[in-house]
Amino acid sequence: MDLKDKKERNKRHKKAMQRKKKYVDSRIAKATIEKGLLIVLTGNGKGKSSSAFGMLARSVGHGLHCGVVQFIKGVWACGEQMLFEGNPLVDFHVMKTGFTWETQDREKDIAAAEKTWNKAVSFLRDTTYNVVILDELTYMISYGYLDKATVLNALRERPPKQHVIITGRNASKELIEMADTVSEIADSKHAFNNGIKVQKGIDY
Ligand code: ATP
Ligand code: MG
């Protein structure tokens, strides 16, 4: 590229960026609503819980008060639990039953789900919690362990400025409708499906 072409290209780039800035600034100016968000992270790909815990890290960094409820999980401690448990800004509650194919006991799972849900409700009724994470909640609804209408009501009636992040596959259409932000993470490829072991720090 000779000097003249380079100058011409730089000029075009500057013009394009000026147009882009104008567009971005106008969109930023239009986004004025402040409210507690309902965020749903669903789909078959990896990245739902780790995204939720990424937002937890951001929130704690800003000094926000957070409540975390992990449904299903709990047989082995996850890195996020070890990092945030004991942090004065984070209240961490884990169902601790493990996966349904491990417990193989529907009645026991339902009782545990209800007990864990009560903890979630206590966060959803408390205005002092800025952010609430309900990790793997969708399974409690799709397995019929928790009543869908009860869950949707508790979400609807939460403090207006409280953010709630829900993770898990097969989020119901009502949950998706109610949410402000929904990410459906696609499974393009996963190491585990090629015989690679779960990895500390990456998978848990
Ligand atoms: P992560 O916690 O890594 O963000 P996730 O929350 O999106 O994963 P879960 O189904 O809750 O997905 O994942 C729990 C575990 O299963 C993690 O160890 C994750 O790496 C693994 N996993 C997630 N998606 C897949 C997949 N498509 N195939 C195989 N294993 C998966
Ligand atoms: Mg998960």
Side-chain angles (χ1 to χ4, degrees), residues 37-61 66-87 90-106 108-110 112-117 119-120 123-124 129 131-146 148 151-152 154-155 163-176 178-204:
L37 298 174
L38 178 62
I39 299 171
V40 173
L41 306 168
T42 191
N44 293 332
K46 170 178 165 57
K48 299 175 289 295
S49 298
S50 43
S51 166
F53 287 104
M55 285 183 261
L56 179 67
R58 285 182 173 171
S59 301
V60 170
C66 305
V68 179
V69 180
Q70 279 193 300
F71 291 88
I72 301 180
K73 287 244 175 80
V75 264
W76 20 258
C78 301
E80 56 266 27
Q81 189 186 348
M82 292 191 271
L83 178 65
F84 290 113
E85 215 169 35
N87 185 309
V90 184
D91 287 319
F92 217 108
H93 187 85
V94 185
M95 189 157 119
K96 289 198 182 109
T97 50
F99 298 103
T100 46
W101 56 89
E102 297 288 356
T103 62
Q104 302 168 7
D105 186 337
R106 191 176 146 82
K108 210 171 132 200
D109 283 350
I110 291 175
E114 281 169 353
K115 206 170 142 212
T116 309
W117 172 246
K119 191 73 202 173
F123 291 157
L124 294 171
Y129 287 95
V131 178
V132 176
I133 294 181
L134 305 175
D135 190 34
E136 321 295 347
L137 174 72
T138 60
Y139 304 103
M140 301 300 103
I141 299 170
S142 58
Y143 295 161
Y145 290 0
L146 295 176
K148 198 198 293 185
V151 171
L152 293 171
L155 292 170
H163 301 303
V164 176
I165 305 164
I166 293 173
T167 79
R169 294 173 197 206
N170 303 313
S172 71
K173 69 173 194 315
E174 294 92 335
L175 199 55
I176 287 174
M178 189 190 278
D180 300 284
T181 297
V182 180
S183 290
E184 174 126 22
I185 300 172
D187 176 25
S188 300
K189 213 173 175 186
H190 196 291
F192 181 69
N193 299 323
N194 281 321
I196 299 164
K197 269 174 83 166
V198 291
Q199 304 288 320
K200 193 187 280 180
I202 302 298
D203 293 304
Y204 67 95

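We count ligands from 1, going down the list as the structure has it; atoms in each ligand are counted the same way. Because the structure is a prediction, the values reported are computed rather than measured.
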Test your reading of the structure: does [X] have an N or O sitting under 3.5 Å from an N or O of ligand 1?
X	value
G47	yes
Y139	no
S49	yes
G45	yes

> Under 30°, 30 to 60°, or over 60°: which ring-plane class applies to H190 and F192, parallel, tilted or perpendicular?
Replying inline: perpendicular
> Which word best sums up how the rings of F123 and Y129 line up, parallel for under 30°, tilted for 30 to 60°, or perpendicular for over 60°?
Replying inline: tilted
> Can you tell me if S49 and D135 form a side-chain donor-acceptor pair at under 3.5 Å?
Replying inline: yes
>> Is the shortest side-chain heavy-atom distance between F92 and Q70 below 4.5 Å?
In response: yes
> Quick one: are V131 and M55 in side-chain contact, heavy atoms under 4.5 Å?
Replying inline: no
> Which one of V69, V164, L146 satisfies the side chain to side chain contact (heavy atoms under 4.5 Å, CB included) criterion with L137?
Replying inline: L146
> What atoms of ligand 1 come within less than 4.0 Å of a heavy atom belonging to E136?
Replying inline: 11 (O)
> Of all the atoms in ligand 1, which lie at a distance below 4.0 Å from a heavy atom belonging to D203?
Replying inline: 17 (C), 18 (O), 19 (C), 20 (O)
>> Using a 4.0 Å heavy-atom cut-off, which part of D187 comes near ligand 1: side chain, backbone, both, or neither?
In response: side chain
>> Can you tell me which portion of N44 lies within the under-4.0 Å heavy-atom range of ligand 1? Options are side chain, backbone, both, or neither.
In response: backbone
> Which of the listed options, A191, G168, S50, holds the heavy atom that is closest to atom 4 (O) of ligand 1?
Replying inline: S50
> Quick one: which of E80, H190, Q199, K189 has a heavy atom closest to atom 25 (C) of ligand 1?
Replying inline: H190
>> Suppose we screen for salt bridge (charged side-chain N to carboxylate O under 4.0 Å, His left out). Which residues come up paired with E184, at least two apart in sequence or across chains?
In response: none
> Heavy-atom contact under 4.0 Å between N193 and ligand 1?
Replying inline: yes
>> Suppose we screen for side chain to side chain contact (heavy atoms under 4.5 Å, CB included). Which residues come up paired with K148, at least two apart in sequence or across chains?
In response: I141, L152, S172, E174
> In E136, what N, O or S atom is nearest to the Mg ion (ligand 2), if we give its atom name?
Replying inline: OE2
> Looking at the Mg ion (ligand 2), is one of the N, O or S atoms of S50 less than 2.8 Å from it?
Replying inline: no
